Each structure stands twice: as structure tokens, then as C-alpha cells.
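Accompanying notes for the structure given below.
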Amino acid sequence: MTAENIYLIGLMGAGKTTIGRQLAKALKVPFYDSDKAIEESTGVDIPTIFEFEGEEGFRVREQKMIEKLTQLKGIVLATGGGAVLREENRKALKDNGYVVYLQCSVDRIMERTRWDTQRPLLKTDNPRTRLHELFEQRQPLYLSCADFKIDTGVLKSKTVVSHILEEYKAVNHEDT
Ligand code: S3P
């Protein structure tokens with residue numbers, strides 16, 4: 001199997017943006033973040049899109065953006081945590097790149113997102129319960145898309161990046 005792109009999937013706070021930036025730097029390719037691209041194209045932030053258009057409106061925008069970004073070649077892409085919810089997105093990701101699932105425990109995600117104001121789905125009385133629900137709902141979807149899965153809760157980001165590069169280069173038959 002060869003893939004010209006690396007796509008990162010996983011729950012919010014799993015490290016997709018951090019790991020994605022480092023991977024792109026190591027591979028000397030551009031880094032994209034689908035949420036950031038949506039914010040740039042609309043001129044407003046994600047919470048504002050949720051406020052005015054609801055989650056459904058956001059998902060429509062997200063699908064269009066994933067469709068656009070998966071047409072690019074030679075990139076690293078960090079997707080939003082819910083990108084795998086739509087079948088069209090899962091197919092676009094699987095068909096066009098090497099998909100890496102960054103898996104992380106709910107406890108670790110709670111620590112990382114404690115002060116977060118940018119994630120509308122966590123604006124609830126009990127974010128831990130919400131995260132558990134999202135994990136249960138999405139874990140099978142992440143696994144169904146992934147070419148490779150790695151735990152980002154315990155390993156240092158540098159270590160995660162080198163493991164991903166090793167696997168990616170192995171499947172692409174490149175020298176490491
Ligand atoms: C979402 C995750 C967010 C963002 C939006 C919805 C989700 O992205 O797309 O708030 O459904 O899990 P991150 O995973 O980058 O936080």
C-alpha cells in the first residue's frame with residue numbers, strides 16, 4: 001500500500017494538532033487542520049458555528065472541507081474528533097491516505113481539555129460522562145478507518161511521531 005498523505009483521527013484532546021505539526025515538519029510537507037481550515041473559510045470560530053448552525057450545520061461544513069482537503073497530495077491532515085461520524089468522510093480518508101488513530105484515555109483527555117473553551121461538545125455539566133459517550137460511540141468508527149493506532153496518553157509526542165513515521169515508511173517501502 002502506498003499513501004501520499006497522513007490523516008490523523010481521534011477524540012478531541014488526543015493530540016492530533018500537536019502530533020500532526022511535528023509529523024509534517026519531519027516529512028517536510030504542509031500541515032492542515034480541518035477545524036482551522038473551516039474557521040479560516042468562514043471567518044468565525046468553531047463555537048460560533050455551533051451556536052448559529054448547530055452541530056448539524058458544522059458537520060455539513062466539515063464534510064465539505066474534508067472532501068476538499070483529501071484531494072490534496074502530500075500533506076498531513078488533523079481532522080476534527082467527529083469527522084469519522086459521516087460515512088463519506090470515512091471513505092474519503094481511507095481512500096486517500098494513511099489513517100492514524102491517536103487513541104487516548106478519557107482521564108488524560110479530561111486533564112488536557114480542563115481549561116478549554118473552544119470545544120462546544122464539552123460545554124456540559126459533566127464533560128467526563130460526555131467524553132465516555134463519545135468514546136463508546138466513536139471508537140468502532142476510528143478503528144474501522146485506521147491503518148495504524150497508537151496511544152497518545154502515555155507516550156511523549158516525539159516518541160509517537162517516530163513510531164508513526166516508522167510504520168508509515170514501512171508500508172510505503174521507503175528508507176527510514
Ligand atoms: C469535535 C471536535 C473538535 C471540533 C468540534 C467537534 C467533535 O475538533 O471539530 O468541536 O465532534 O469531537 P478537535 O478534535 O480538534 O478538538
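All ligand and atom numbering here is 1-based and tracks the order in the structure. These numbers were taken from a predicted model, which means no experiment stands behind them.
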Minimum heavy-atom distance C104-G153, with the two atoms named: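 Looks like SG-CA, 3.8 Å.
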
In the protein, what heavy atom is nearest to [atom], and what distance, to one decimal place, separates them?
| atom | result |
| --- | --- |
| atom 12 (O) of ligand 1 | R138 NH1, 2.7 Å |
| atom 14 (O) of ligand 1 | K16 NZ, 2.5 Å |
| atom 10 (O) of ligand 1 | P120 CD, 3.6 Å |
| atom 16 (O) of ligand 1 | R119 NE, 2.7 Å |
| atom 8 (O) of ligand 1 | D35 OD2, 2.7 Å |

Please state which part of L134 comes within less than 4.0 Å of ligand 1, counting heavy atoms only: side chain, backbone, both or neither.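 The answer is neither.
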
Flag, side chain of D147 to backbone of V99, donor-acceptor distance under 3.5 Å: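 Checking the backbone N and O of V99 against the side chain of D147, a donor-acceptor pair under 3.5 Å is found.
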
Checking D33 side chain against T17 main chain: does a donor-acceptor pair fall under 3.5 Å? no

Taking distance alone, no hydrogens or angles, what donor-acceptor pairs closer than 3.5 Å link side-chain atoms of residues 69-82 to residues at least two apart or in another chain?
{"from": "T70", "atom 1": "OG1", "to": "I66", "atom 2": "O", "distance (Å)": "2.6"}
{"from": "T70", "atom 1": "OG1", "to": "E67", "atom 2": "O", "distance (Å)": "3.2"}
{"from": "Q71", "atom 1": "NE2", "to": "E67", "atom 2": "O", "distance (Å)": "3.3"}
{"from": "T79", "atom 1": "OG1", "to": "L8", "atom 2": "O", "distance (Å)": "2.8"}

Does an N or O anywhere in G81 fall below 3.5 Å from an N or O of ligand 1? yes

Determine, for E88 against K91, whether the closest basic-nitrogen to carboxylate-oxygen distance falls under 4.0 angstrom.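 Here E88 does not pair with K91 in a salt bridge, since their nearest N and O are not under 4.0 Å apart.
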
Can you tell whether the side chains of E56 and R59 come within less than 4.0 Å, N to carboxylate O?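 Here E56 does not pair with R59 in a salt bridge, since their nearest N and O are not under 4.0 Å apart.
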
Please state whether the rings of Y98 and F148 are parallel, tilted or perpendicular, taking 30° and 60° as the class boundaries.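 The rings of Y98 and F148 lie parallel, inter-plane angle below 30°.
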
Quick one: does R59 get a heavy atom under 4.0 Å from ligand 1?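 Yes, R59 has a heavy atom closer than 4.0 Å to ligand 1.
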
Quick one: which ligand 1 atoms are inside 4.0 Å of a heavy atom on G80? 8 (O), 9 (O), 14 (O)

Ligand 1 atoms in contact with I46 (distance to a heavy atom under 4.0 Å): 5 (C), 10 (O)

